[in-house]
There are 2 protein chains.
Amino acid sequence: MDETQAREAVTAPQKGTVTQRAIERIKAMIAEGRLEPGQRLPTERDLAAQLGISRSSMREAIRALTVLGVLEARHGSGIYVTQLEAGDLLETFGVVADLSRGPRLIELLEVRRILESTATALAAARITQEQLAEVEKHLTAMNTTDDPEEILAHDLSFHREIASAAGNETMAAILEGLSSRTFRARVWRGYQEEGAFARTRREHAAIHRALVAHDPEAARAAAAAHVGEVEEWLRSQLTP
Amino acid sequence: MDETQAREAVTAPQKGTVTQRAIERIKAMIAEGRLEPGQRLPTERDLAAQLGISRSSMREAIRALTVLGVLEARHGSGIYVTQLEAGDLLETFGVVADLSRGPRLIELLEVRRILESTATALAAARITQEQLAEVEKHLTAMNTTDDPEEILAHDLSFHREIASAAGNETMAAILEGLSSRTFRARVWRGYQEEGAFARTRREHAAIHRALVAHDPEAARAAAAAHVGEVEEWLRSQLTP
DNA sequence: ACCAGCCATGTGGTCGGACCACTACAGCCG
DNA sequence: CGGCTGTAGTGGTCCGACCACATGGCTGGT
């Protein structure tokens, strides 16, 4: 047993699986600042040797941190720490939305209503002319096409631009996850069949008016009503 | 159609790594309801054979879904689908908080302020006598000890009980992540050194009063002020 | 001298097999 | 009948080999 292994034996008392320990070690390295965003890590083989575990276990640890958006593996090049930006880390939030059903779907929508209304209110106070123009672009594009796929895409962009204008990228990323593609697609499926499409258009117009007027309270109310509308519909679907 | 496309048509679309595909396959199985919460999956060896990949790759996929809180592996027993409850899936949210620094920490705190104030307002309207008693238990316990570790624990429980009383488990789970252990510990380190401890006690008392009075507006204001206080302190620390 | 293209090197990605640690259950023994 | 033990089956770990890809230096031509 060499000195490295000897130190490990004292430092790391057998808690949990070796892979779990490896995950914690790497996370700790980043938290302590020993690994900067964008920096390249040692190779899988070296890392495994450093922690005294096999490459297989180390790969599982790396894979775990990869899906969490903390690390990024580039085939043939190396492993890198992500920029640790909101978007990188909160991508997993979409997974939650995708796998949630029934009552939890409504709870998620409730959270979205709270955040979206506040974000829209903030946006009304802070939005610039350029950002407003971008919002309008998606609004008109949404109203001039009949392709549901395209409408959905512009709808998402519409809200994303607003959330971004609120000046909190973290909140924007969370809302992005809560409005993830499959999540909305699932809800939309039966939603627009009930002729609620015109209403959605009116609600978007109301939000836009509040943004133009820089009226936070009106924006909050309009956004809350918009999400609440979907929320109510979904609630009625679950308890017929 | 070239040869590559022809081969893909017969076997499987070669998009991304095999592990990534395996993750998607399992996620899809759950999303489609073919795997129920709590259900036991086939063994790693069987799963690998079914998808035509090696056990190593399958293990990485399983590990990835494990850290996301979707699956749970019990040594010697098997792999199971979690209950897919908010707590299971949003545990990873704590990782984000742990690895966030600087401006993003403030953004996270801002999100927490929005959610916590709303949750506290909801709790004021809905809280029962039993839940109120539980809240009071942590409040008094927090005020009758000097052990910072214990104070922190009761502080966390205090807010968790309130969030739970709001009736939205998903929101409670998110707030739990935003107040994760290391996150708060980091902030507290220098915070209470500035004699802000008495103020924290007053703020908690104000929140409690609002809950007793079933006054949502007062509760919202008290909670917003409470989190905002920490937020302001942190902001001043970052831009000296 | 310069540049394009090739190729050696090193990296992550995949595979198969072996063994260990643990759980669960059936069957045995008291 | 109940507790105990043995055993089959599971996830956990390790090893070594090979593949796919990215990179940078080197070779060959111009």
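So you know, we letter chains A, B, ... as the sequences are listed, proteins then strands, and number each from 1.
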Between atom [atom1] in [X] and atom [atom2] in [N], what is the gap in whole Å?
{"X": "B/L51", "N": "C/dG13", "atom1": "CG", "atom2": "C1'", "answer": "17 Å"}
{"X": "B/D46", "N": "D/dG11", "atom1": "CG", "atom2": "C1'", "answer": "13 Å"}
{"X": "B/L71", "N": "D/dT10", "atom1": "CG", "atom2": "C1'", "answer": "15 Å"}
{"X": "B/E72", "N": "D/dG11", "atom1": "CD", "atom2": "C1'", "answer": "13 Å"}
{"X": "B/M58", "N": "C/dC15", "atom1": "CE", "atom2": "C1'", "answer": "14 Å"}
{"X": "A/I79", "N": "D/dA22", "atom1": "CD1", "atom2": "C1'", "answer": "15 Å"}

Contact pattern, 5' to 3', of nucleotides 12-20 of chain D - B, S or - by protein heavy atom under 4.0 Å: BBBB-BB-B

With a 4.5 Å cut-off on side-chain heavy atoms, are [Y] and [X] touching?
{"X": "A/L238", "Y": "A/I106", "result": "yes"}
{"X": "A/I26", "Y": "A/M58", "result": "yes"}
{"X": "B/I114", "Y": "A/M171", "result": "yes"}
{"X": "B/L175", "Y": "B/H159", "result": "no"}

Considering all heavy atoms, the nearest A/V96-A/L108 contact: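 Taking every non-hydrogen atom into account, O-CD1, 4.4 Å.
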
All pairs passing side chain to side chain donor-acceptor pair (under 3.5 Å) where residues 91-106 of chain B contributes a residue, at least two apart: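 Qualifying pairs, neighbours excluded: B/D98-B/S180, B/D98-B/T182.
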
End axis versus end axis in the helix from C/dA1-D/dT30 to C/dG30-D/dC1, the angle rounded to 10°, five pairs used at each terminus: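 About 10° separates the two local helix axes.
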
Geometric class of the B/H154/B/H138 ring pair [parallel <30°, tilted 30-60°, perpendicular >60°]: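 B/H138 vs B/H154 ring planes: tilted.
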
Test log, rule side-chain contact (heavy atoms from CB on, under 4.5 Å), inputs B/I30 and B/L84: CA-CA 10 Å; B/I30 297 174; B/L84 296 179; 3.8 Å; yes

